[in-house]
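Notes follow once the structure below has been shown.
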Amino acid sequence: MQVSRNNLLFIFLFAGGIILPTAILAYLGFRNIQNEVYLAQKNFDENSVSFQSEIEDAVSREQKKIHQEAKGASLFLYEQPHGLLDFGNATEFKSVDGIEAMFLFNKGNLVYPDISSRHFSNTQNFSTSIPSNREKSIFAEEQENPSSQDKIYQNRLARSMHPSALFFDTPEEQVQNLLGMIRYNYQKKNYDNALELLEILEKRPHQQGYLHADLARSANLLHFEILVAQKKHQEAQEYCLRVFKEFFEDQNITDIASSRFFFESAFTQILSFEKLPQERRDAFWNLRENFNRQLGYMEILFKHKEMFSEILEDNVSSKEGILYKQNDDVTLLRMSYPYLSGDQVVIAKINNKAYKDRLISKMKLVAQSWKSIPFSVVDQKDSIVLGSIPDSSSIVSQATLSDAMNWEFTLYEKDMRDIKQESRKRMFLMYGLMLFSLIAVFFGSFFMFRFVIQERKLLSMKANFLSSVSHELKTPLTSIKMLSETMSRGRVQKMEKIQEYSNLIGKEATRLENLIGAILNYTRMEHGTGAFKWEKLDFSVCTQKVFDAVEDIGIEKGLEFQVHFEPGAYVMGDYTALYSLAQNLIENAIKYTNAPGKITVDVQVVDNHVIFSVMDTGVGIPSSEQKNIFNDFYRVGDEMTRSTKGSGLGLAIVKRVVKTHRATISLISKPGKGSTFTVKFKKAE
Ligand code: ADP
């Protein structure tokens, strides 16, 4: 086929406009996908660096915040009067989330809690004051064989309860008997007697040396309760405060537990006095709170006194005035110059859980925005604080988080398997799309070229058709013209000749009519079934008529006919259309069969069908042509066909009639042997 300039231009545009950009896009897509893994890795590296620094920042920011809060609280405490005896103006304690207890020092002396400062006021340096030799010996006495100590107390108590107590001579025995008598009087409600005896006991302080601290406190409690029992509330309060003052002035540290018990009972009872003025109630309330808190702090101080001494002395590693020290059960924070001014030093006991929670909540906030980065934070006991340890990833980097907690922060290699798998999937998708678009382009082009070729073929067919139709039209017209001219000139005299010529004119006119009829039929079919008139008709009758009209042509040609028209072959259809179907098939059989040939036309009813067949012993149709002959204007291009006049419309009309009548058509043909066309209609009831 010759390719026209237009087609070349089209091919060029097609290739340039679709294939080239598709190829470039596909190439870029592939590269993009390949780059993705690399980029993801690069991104991850950058992200993990940012993530680590954000986590570190968050932790150190939060720690600084805690330091600031602790500093604020300590400054507040420094400024407040913290003497416990100024209970009327007791400080409202400022607590810091993450810090359990705070100890304020000035020039090495403990100034808060107040209890200890009083207690150790005779010593210049806290570190030497804890524990002093004197206290050590007291601690030792207390701890030494507690069970035997208990026995001694029980004996003493038993003896003191004995009425013969007064007959004991040693001061210790006297004291014990005195106590027994006091109890006895107290139980018998001889309060005045009991008080008198108590005063004797309390006014002779040297005798208290023989009393164990616990017993001294029970004497105090007894005294207080007698006053309460006597409803001497005012005196009871004053007594309590007096004992409190004495406790401050010469209290021994071994006494904390029993003193706490005494003051707790006394304060509780005082607070339950009905006539206690509100102001005083508040004051006692504050006193109790402060006392308990400060005693609690003191317990902490004594429990970890070695740690406290160490951290107080330790200056070496303190950076910017902040130093943390920890062991298995305590973490201490020391703040000093330049964080605090001058000689101020604050030691805080960290509340591990609250402190951790504060840091963890900040880390969680950061981790939330970096979800895809695997990391872990583990504490010194190797338990996970945050994040998780992946099974098989190698470590990217490690760092220590928080001076206080000493956590180990670890970043892990990202598992790239997912990304790789994802990109592989997209690669396959891309290949699929490429393949699809290639196939689409290929088929598109194929069909388009076929369409173009068909269009060209159709155009040439139409041209052929026009020339053959005009030729067909011209031939009978020429004959008619020639015959009528001859007759009009009066050259034909004989009647037989005139009849013969008129007969010929008539035949040519019929031929013309048939041809025009075929063209009209074709155009009618082209316009669809709208022009049809549907009716129930006997196809045998219709075919008989066709046969009667064309039989002569066949006989003239020297052909033999065998026909069978079974009556009652009813079909639903358009008479004209069915007529032209039968006519075309029978005429073709006549046209394409040479003498001495035989044509069999048959209409019969089989079951629910009407079967119409036209069989000839003519030239036949090569199998390669059989599918084409039903196309519009198609004519088989061999010699025989060429010598036979035709439009190429006959079978196109047949095909359309078959289609519109929902019938089927089949063809059996062998070149040189003949052809059989069979049409199968649905029988009408
Ligand atoms: P035409 O006007 O050429 O007969 P048709 O559409 O009727 O057009 O037929 C198409 C072609 O089919 C014919 O050109 C012819 O080659 C072939 N053909 C049709 N009927 C027969 C037949 N009975 N025997 C052999 N060839 C046939």
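These numbers were taken from a predicted model, which means no experiment stands behind them. Counting starts at 1 for both ligands and their atoms, following the listed order.
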Q: Tell me, yes or no, whether the heavy-atom count around Phe630 atom CZ, taken from other residues, nucleotides or ligands under 6.0 Å, exceeds 12.
A: yes
Q.
Does Lys494 have more than 12 heavy atoms from other residues, nucleotides or ligands lying within 6.0 Å of its NZ?
A. no
**Q.** From the candidates Asn584, Thr676, Ile629, the one that places a heavy atom nearest atom 12 (O) of ligand 1
**A.** Ile629
(Q) Can you tell me which portion of Leu651 lies within the under-4.0 Å heavy-atom range of ligand 1? Options are side chain, backbone, both, or neither. (A) both
Q) Any idea which part of Glu625 is under 4.0 Å from ligand 1, heavy-atom wise: side chain, backbone, both or neither? A) neither
Q. Out of curiosity, Asp538 CG to Glu566 CD, how far, rounded to the nearest 0.5 Å?
A. 9.5 Å
Q. Going by the order shown, which atoms of ligand 1 are within less than 4.0 Å of some heavy atom of Val636?
A. 14 (O), 16 (O)
**Q.** Ligand-side contact atoms (ligand 1) for residue partner Lys591, heavy atom cut-off under 4.0 Å
**A.** 1 (P), 2 (O), 4 (O)
(Q) Please tell me whether Phe539 and Phe612 form a close aromatic pair, meaning their ring centres lie under 6.0 Å apart. (A) yes
**Q.** Close approach of Asp616 to ligand 1, heavy atoms, under 4.0 angstrom
**A.** yes
Q.
So, 4.0 Å and heavy atoms of Gly620: is ligand 1 close enough to count as a contact?
A. yes
Q: Measure the shortest side-chain to side-chain distance between Trp407 and Met363 over non-hydrogen atoms and say whether it is less than 4.5 angstrom.
A: yes
Q.
For Glu587 and Val546: C-alpha separation, side-chain torsions, deciding distance, then whether side chain to side chain contact (heavy atoms under 4.5 Å, CB included) applies.
A. CA-CA 9 Å; Glu587 272 182 359; Val546 174; over 6 Å; no
Q: Kindly indicate, with the supporting measurements, whether the criterion side chain to side chain contact (heavy atoms under 4.5 Å, CB included) is fulfilled by Gln604 and Val606.
A: CA-CA 6 Å; Gln604 56 174 317; Val606 179; 3.9 Å; yes
Any nitrogen or oxygen of [X], side chain or backbone, less than 3.5 Å from one on ligand 1?
{"X": "Ala652", "answer": "no"}
{"X": "Tyr634", "answer": "no"}
{"X": "Val619", "answer": "no"}

